[in-house]
Amino acid sequence: MAPKRKVKTKEVSPKKKRTAPAASQVFTRWLMKSEPESRLQNGVEMKFSFDDLKKEPDQTTCWDGVRNYQARNFMRDQMKVGQSAFFYHSNCKDPGIVGLIEIMREGYVDHTQFDKKDPHFDPSCTKDNPKWMMVDVKYVRKLKRFISLKELKTLHLEHKESGGPLRSLALFTRARLSVQPLTTEEFDFILSLEDKDPEEQ
DNA sequence: GCCAACGTTGGC
DNA sequence: GCCAACGTTGGC
């Protein structure tokens with residue numbers, strides 16, 4: 001008698017719950033990049049400066065167009081209403097931190113993924129199976145002075161030697177992330193720079 | 001699951 | 001406008 005072939009009863013494991021991976025560290029402060037200078041993308045003009053945010057109704061906007069999983073996960077899993085973020089100008093003549101914003105609404109579906117005319121249209125997404133999320137943010141205030149990427153870079157390099165607060169700032173360790181997490185130590189230190197003369201550093 | 005090819009980001 | 005760094009894709 002032929003040995004009974006053991007029918008592989010594939011363990012019908014309950015569908016893996018799509019839970020957020022246990023975050024190794026919980027962040028409550030953020031840096032969000034936006035391009036303040038005009039640029040064409042798929043024939044659509046892209047530009048959103050800190051002043052543009054100030055001009056929005058209620059000085060609030062949805063942060064659409066993020067198409068990076070890490071950044072999406074931060075918005076989906078960790079950003080909470082009331083948290084603070086820096087508004088950073090990227091891909092421009094003068095990159096750096098210009099102001100403060102506040103999270104006004106937690107992660108929800110980014111509608112631009114379904115919009116064929118949007119430069120961030122993603123044909124792999126359906127309404128039943130959206131991929132991308134966004135949050136709402138509100139203008140809080142300009143910093144007392146502009147804190148340039150250059151200044152932050154200098155401090156980062158110093159702090160790598162000394163073990164200072166900006167030793168592992170995401171702006172340099174994960175440079176391409178458009179939504180970056182900051183520790184409160186990093187956030188508070190950067191914020192304290194606005195009261196200092198940049199020449200004295 | 002590796003990794004080459006490719007695309008994008010963003011400083012310079 | 002260049003290009004290094006790095007994230008994504010897809011063949012194998």
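Here is the naming used below: chain letters follow the sequence lines, and residue numbers restart at 1 for every chain. Everything quoted here is computed from the prediction, not taken from an experiment.
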Send over the distance from K153(A) NZ to dG10(B) P, rounded to a whole Å.
14 Å

Taking the side chain as every heavy atom from C-beta outward, state whether L169(A) and I190(A) have any atom pair closer than 4.5 Å.
yes

Take atom NE2 of H89(A) and atom C1' of dT9(B), then tell me their distance rounded to the nearest Å.
17 Å

How many Å lie between CD on E35(A) and C1' on dT8(B), as a whole number?
11 Å

K131(A) NZ to dT8(C) P: how many Å, rounded?
11 Å

Nearest whole Å is fine: how far is dG10(B) P from L149(A) CG?
11 Å

In terms of the angle between their ring planes, are F187(A) and F86(A) parallel, tilted or perpendicular, with boundaries placed at 30° and 60°?
parallel

Between atom CG in N91(A) and atom P in dA4(C), what is the gap in whole Å?
17 Å

Going by heavy atoms in the side chains, are I103(A) and M75(A) under 4.5 Å from each other?
no

Please report the distance, rounded to the nearest Å, between CD in Q180(A) and P in dG7(C).
12 Å

Of the non-hydrogen atoms in Y139(A) and I101(A), which two are nearest, and what is the gap between them?
CA-CG2, 4.2 Å

Could you check how far CG of L152(A) sits from P of dG10(B), rounded to whole Å?
15 Å

Would you say K33(A) places a side-chain N or O within less than 4.0 Å of OP1 or OP2 belonging to dT9(B)?
no

Can you see if the side chain of Y88(A) gets near the phosphate of dG11(B) - specifically, an N or O under 4.0 Å from OP1 or OP2?
yes

